[in-house]
Protein chains: 4
Amino acid sequence: MPKSPEQYDDIRKQKKQLIMNTALELFAENGYHTTSISQIASKAKISKGLTYNYFKSKSEILNELMEHGFNEIYDNLDINHDGILTEEEFIFFIKENFRILRENMHHWKLFFSLLLQPQVSATFAAQYEEKAGPIFNLFFGFIKSRGSKNPESDLMAISSMLEGAFLYCVAAPDVFPMDKLEEAVINSCFKIIRG
Amino acid sequence: MPKSPEQYDDIRKQKKQLIMNTALELFAENGYHTTSISQIASKAKISKGLTYNYFKSKSEILNELMEHGFNEIYDNLDINHDGILTEEEFIFFIKENFRILRENMHHWKLFFSLLLQPQVSATFAAQYEEKAGPIFNLFFGFIKSRGSKNPESDLMAISSMLEGAFLYCVAAPDVFPMDKLEEAVINSCFKIIRG
Amino acid sequence: MPKSPEQYDDIRKQKKQLIMNTALELFAENGYHTTSISQIASKAKISKGLTYNYFKSKSEILNELMEHGFNEIYDNLDINHDGILTEEEFIFFIKENFRILRENMHHWKLFFSLLLQPQVSATFAAQYEEKAGPIFNLFFGFIKSRGSKNPESDLMAISSMLEGAFLYCVAAPDVFPMDKLEEAVINSCFKIIRG
Amino acid sequence: MPKSPEQYDDIRKQKKQLIMNTALELFAENGYHTTSISQIASKAKISKGLTYNYFKSKSEILNELMEHGFNEIYDNLDINHDGILTEEEFIFFIKENFRILRENMHHWKLFFSLLLQPQVSATFAAQYEEKAGPIFNLFFGFIKSRGSKNPESDLMAISSMLEGAFLYCVAAPDVFPMDKLEEAVINSCFKIIRG
DNA sequence: GATGAATGAGATTTCATTCAT
DNA sequence: TATGAATGAAATCTCATTCAT
């Protein structure tokens, strides 16, 4: 029985997603360069050739992965409201970040590793800035609204602390217990702002 | 008339250093896997074959690089005193860290990138822990000595902040001005401890 | 429309056989070490890379060659009967050996050359003993059954003679005419046993 | 103190012999191709470069080794008498052969392995025939003088047996005890001739 | 859409040989 | 004579990508 165009489309979408999920896992765990198309294909239980039916090249898988990943992550953050954070929203925001981190460990691991090798994906840096910019602004607004004496300085400290905490979670999850770390970070944010 | 053993020793030391420096630069800039022995050799203006006169394999270059790097970095920190930090020492320690970071950008870039791909270098994780452990202890002692109400929590926050600041320096040096970042971090440490 | 699994299986079998045949010929004629993968590939009219689709390494080709070779040779000998040789069977057995030798000259040449360099193939010695042991037993039984006064001694002499004759056939086929050699060996076996 | 020309000559001879002995051992044990100039030099405790002061190339070491080896072996056999062997002389000759074999295991191992890979040394086959020819004649004369009914046939059988016994000694010295093998071979020679 | 055999460019590695000293 | 650093050719091996079916 021939399939309808819609069914074909569905299959395509599922297969593509399967390839991307598999690739993400392997890239994150073993690195982009140490992962071969063969490994991806065999883990996804498809043929090597089929991969090229969905992606022009290995690096295109990476590109799409990054793009999707950014969207998945930042869309969930839902920062498109009035642009002013209340204290609860700020806390919620950080907690959300940790939650998303835990749920997308693979993506984050890959993100961080690409951060250190920008030549892999030329478009990566640009995307990152585009996404990260509004968040900096949001934070900056919150810090100022809380009466910080030096909001620029506090933004740097808080951003660093969050970034560092995320790095610990992803790269050395056994050094600090994750929930304690989360709590420590949140508390410290307020200590920093308060002065 | 053969060269004297000392002459040969000299040549070997210099050439080995040349290879390591060249490799470090390329590894840090382009990544370990994207850097070929050919590239290293041609940048160092030697033949591919000679590389193998000095290193058993490409991965051995990486291993020696890590080992030397750790020593270079952590030896400079000189943490072998009485084990108690005064406030000045604490500040000095962080400043030293930043200074060393700036002077060994390549090493740190490589470190961070390997942190996310530990399977590259098996010995890496072990070395890291061995070196980082005493520093955690030192910090913990300082935090307690300053009357922190929750030293475990503060250690996590401060460690994260430092790690994150280093990551910003290395991976995105244009986002924050480095000297301001350094100042912000130091100030925030005290805010965190003070509570 | 993909090929059927059976078709692929067929291709793989044939191609693998082609590679093994080609390698055997070159190994036997020019030696294992002097034969490069490039030579094998170009003689088999395939690409170098394809070789590695079928064999993990060059030495694995050798291993499989030895394994197959042993089986081909010793399976043909069909020594799995009651374990007692009649005179006709003994003669037939030796003749068979010469016939197989002539038809598998390449294999035997390779065997003999590896005999002298056992470190090439670690598994080789073990396989050889496993296969040769029963034959010694069979011969020993025959020699005793014919009333030899010193069967141990006669076994040594006969084994040596056979081994030497095979070596002449393989390494210096022009020194003695092969059919005369065969006849001489068979006759001499009986002279030795008879005493 | 400058050395006299004779002393220099002496040194040269000794060094050359050292290199050849070392190379022989390694070639015999590990094979010609698997033995590198570096290994030879380091085992002989000289520099790589010095090797080329005494030999034009690696293959020239092999050539000289073969040449010397043949002479050493066959000169010791002292077959330059009247050309007629008595029974005692025949026995003595075979015993001598075994003795020499035992004392020059390395040479023989190398000989046998080259027999199977003649392309290694082009001149090898020619040398072998030149040396072996007179021996065949000597044996043929003895066999005839003892009243053999078919001396051509017996020569083949005896030659094969000797060759085979030597191969066993060299390649599989544990299969048969060497002194028993020697005895068995000698006895069997007479059985073969006697008919 | 799906397969996996096949290619070829390029990576790592080895090693006989040369050469400045 | 003696050294060992240096070369370069060639070997082994890997893998993204193509293509016939």
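In what follows, chains carry the letters A, B, and so on, assigned in the order in which the sequence lines appear, proteins first and then strands, with residues in each chain numbered from 1.
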So do the side chains of Leu62(A) and Leu110(A) get within less than 4.5 Å of each other, counting heavy atoms only?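 Result yes, sub-4.5 Å side-chain heavy-atom pair found.
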Going by heavy atoms in the side chains, are Gln117(D) and His33(D) under 4.5 Å from each other?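 The answer is yes, as the side chains (C-beta and beyond) meet within the 4.5 Å cut-off.
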Under 4.0 Å, heavy atoms only, any strand: does Ile11(C) hit a base, just the sugar-phosphate, or nothing?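 Answer is sugar-phosphate: Ile11(C) comes under 4.0 Å of backbone atoms only.
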Could you tell me whether [X] sits above the aromatic face of [Y], with NZ or CZ closer than 6.0 angstrom to the six-membered ring centre and within 45 degrees of the axis?
| X | Y | value |
| --- | --- | --- |
| Lys16(A) | Phe55(A) | yes |
| Lys58(A) | Tyr32(A) | yes |
| Lys109(B) | Phe27(B) | no |

[X] side chain N/O closer than 4.0 Å to the phosphate oxygens (OP1, OP2) of [N]?
| X | N | value |
| --- | --- | --- |
| Asn53(D) | dT1(F) | yes |
| Tyr54(D) | dT1(F) | no |
| Arg12(D) | dT1(F) | yes |

Applying ring-ring contact (aromatic ring centres under 6.0 Å, His included), name anything that partners His106(B), two or more places apart in sequence or on another chain.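 In terms of ring-ring contact (aromatic ring centres under 6.0 Å, His included), with neighbours along the sequence ignored, His106(B) is linked to no residue.
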Take Phe111(D) and Met66(D), measure what side-chain contact (heavy atoms from CB on, under 4.5 Å) needs, and give me the verdict at the end. CA-CA 8 Å; Phe111(D) 282 8; Met66(D) 300 314 299; 3.0 Å; yes
What bend angle does the helix from dA2(E)-dT21(F) to dT21(E)-dA2(F) show across its length, from five-pair end axes and to the nearest 10 degrees?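 Computed angle between terminal axes is 10°.
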Test side-chain hydrogen bond (donor to acceptor under 3.5 Å, both in side chains) applied to Asn21(C) - qualifying residues, sequence neighbours left out: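 Asn21(C) satisfies side-chain hydrogen bond (donor to acceptor under 3.5 Å, both in side chains) with Gln17(C) only.
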State which of dA6(F), dA2(E), dA2(F) makes the closest approach to the side chain of Ser47(A).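 Nearest to the side chain of Ser47(A) among the choices is dA2(E).
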For atom NZ of Lys45(B) and atom P of dA6(F), their distance in whole Å: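 That distance rounds to 15 Å.
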Quick one: Ile61(B) CD1 to dA11(E) P, roughly how many Å, whole number?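 So the CD1-P distance, Ile61(B) to dA11(E), works out to 15 Å.
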Pairs flagged by side chain to side chain donor-acceptor pair (under 3.5 Å) wherever residues 41-53 of chain A is involved - sequence neighbours left out: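 Side chain to side chain donor-acceptor pair (under 3.5 Å) check on residues 41-53 of chain A returns Glu25(A)-Lys43(A).
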Would you tabulate the nitrogen or oxygen pairs shorter than 3.5 Å linking the protein to nucleotides 16-19 of chain F?
from, atom 1, to, atom 2, distance (Å)
dA16(F), OP1, Lys58(A), NZ, 3.1
dA16(F), OP2, Ile37(A), N, 2.8
dT17(F), OP2, Tyr52(A), OH, 3.0
dT17(F), OP2, Lys58(A), N, 2.9

side-chain contact (heavy atoms from CB on, under 4.5 Å) for Ile37(B) and Ile61(B)? Distances and angles first, verdict last. CA-CA 10 Å; Ile37(B) 294 284; Ile61(B) 304 180; 4.2 Å; yes
For DNA chain F, find the residues of residues 16-25 of chain B with a heavy-atom distance under 4.0 Å and give them by number; none if there aren't any.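 Output list: empty, so none.
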Is there a ring-ring contact (aromatic ring centres under 6.0 Å, His included) between Phe112(C) and Phe112(D)? Walk through the geometry before answering. CA-CA 9 Å; Phe112(C) 273 112; Phe112(D) 273 113; 9.5 Å; no
Pick the nucleotide of DNA chain E nearest each of Thr51(A) and Leu50(B); which residue has the one closer to the 5' end?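 Final value for this comparison: Thr51(A).
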